[in-house]
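Quick notes on the structure that follows.
These values consider heavy atoms only, across backbone and side chains, with no hydrogens, waters or symmetry-generated copies. Start at 1 with the first residue, then count along the sequence.
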Amino acid sequence: QVQLVESGGGLVQAGGSLRLSCAASGRTFSTSPMGWFRQAPGKEREFVAAISRLGSTKNYADSVKGRFTISRDNAKNTVDLQMNSLKPEDTAVYYCAAKLSTVSGVTYHRTSEYNYWGQGTQVTVSS
């Protein structure tokens with residue numbers, strides 16, 4: 001069982017930065033590939049970034065590549081999303097997710113592949 005709690009969301013002007021953090025509880029965190037997703041009003045939840053179990057592999061949606069960075073600290077049971085050069089179109093509720101997997105070096109991009117989800121944190125970027 002993994003429980004996830006996101007924090008760090010808020011209101012920021014375009015061009016600004018935010019750092020989201022996801023705190024995980026449960027003994028399986030260090031073996032879980034993790035992901036960040038977002039959902040804007042009226043839209044489906046979409047992939048943002050993912051990181052493999054030990055952090056060796058990272059992948060990003062094209063829309064955030066070069067602006068967002070995902071990282072994890074297995075000793076602290078956290079996974080972070082550093083968001084720079086934010087745009088109004090980044091406005092959404094951001095969710096972290098964990099997948100039960102023992103495969104190393106792999107990231108996952110589909111919502112259906114993840115087993116656990118946090119409740120989300122709102123990010124609003126004003127123009």
Side-chain angles (χ1 to χ4, degrees):
Q1 186 81 8
V2 177
Q3 293 180 328
L4 306 171
V5 179
E6 302 96 337
S7 62
L11 173 64
V12 64
Q13 289 188 332
S17 298
L18 281 175
R19 188 176 184 89
L20 305 184
S21 186
C22 176
S25 61
R27 291 180 292 177
T28 58
F29 173 79
S30 62
T31 64
S32 297
M34 301 291 294
W36 282 97
F37 290 76
R38 67 187 181 187
Q39 188 167 17
K43 295 187 177 181
E44 292 188 352
R45 193 169 298 188
E46 65 175 6
F47 169 74
V48 175
I51 189 167
S52 58
R53 295 173 62 213
L54 301 180
S56 61
T57 304
K58 303 175 184 180
N59 280 300
Y60 301 91
D62 288 342
S63 59
V64 306
K65 203 169 291 184
R67 300 188 297 123
F68 290 12
T69 302
I70 189 171
S71 60
R72 68 186 297 159
D73 186 335
N74 285 352
K76 296 181 179 179
N77 285 0
T78 58
V79 59
D80 291 349
L81 185 69
Q82 177 67 42
M83 307 187 295
N84 298 329
S85 303
L86 283 161
K87 304 175 181 180
E89 51 263 45
D90 294 319
T91 295
V93 178
Y94 283 70
Y95 300 89
C96 70
K99 175 179 175 61
L100 295 177
S101 173
T102 58
V103 179
S104 297
V106 179
T107 59
Y108 300 87
H109 304 171
R110 292 189 290 268
T111 58
S112 60
E113 294 177 304
Y114 285 85
N115 304 100
Y116 300 103
W117 292 84
Q119 292 189 325
T121 185
Q122 176 71 46
V123 171
T124 303
V125 184
S126 63
S127 57

Shortest non-hydrogen separation from M34 to A98 and the atoms involved
SD-CB, 3.4 Å
Closest non-hydrogen contact found for T91 with A40 is O-CB, 3.7 Å
Scan for ring pair (Phe, Tyr, Trp, His ring centres under 6.0 Å) pairs involving residues 53-75, sequence neighbours excluded, and state none if there are none.
none
Between E6 and Q119, is there a donor-acceptor pair closer than 3.5 Å when you use the side chain of the first and the backbone of the second?
yes
side-chain hydrogen bond (donor to acceptor under 3.5 Å, both in side chains) against S56, all qualifying residues, sequence neighbours excluded
S52
If we ignore angles and hydrogens, is there a donor and acceptor under 3.5 Å between the side chains of S104 and R53?
yes
Keeping to residues at least two apart or across chains, list the salt bridge (Lys or Arg N to Asp or Glu O under 4.0 Å) pairs with something in residues 109-127.
R110-E113
Can you pull the salt bridge (Lys or Arg N to Asp or Glu O under 4.0 Å) pairs that have at least one residue in residues 79-88, sequence neighbours excluded?
R19-D80
Audit row: E46, R38, side chain to side chain contact (heavy atoms under 4.5 Å, CB included) steps and yes/no
CA-CA 5 Å; E46 65 175 6; R38 67 187 181 187; 2.6 Å; yes
Residues clustering with V103 (ILVMFWY side chains joined when closer than 4.5 Å, directly or via others)
F37, F47, V93, Y95, V106, Y108, Y114, W117
Scan residues 63-121 for pairs that pass disulfide (SG to SG under 2.5 Å), counting only residues two or more places apart or in two chains.
C22-C96
Rounding to 0.5 Å, atoms CD1 (I70) and NZ (K58) come to a distance of 8.0 Å
D73 and T78 side chains, donor-acceptor separation under 3.5 Å
no
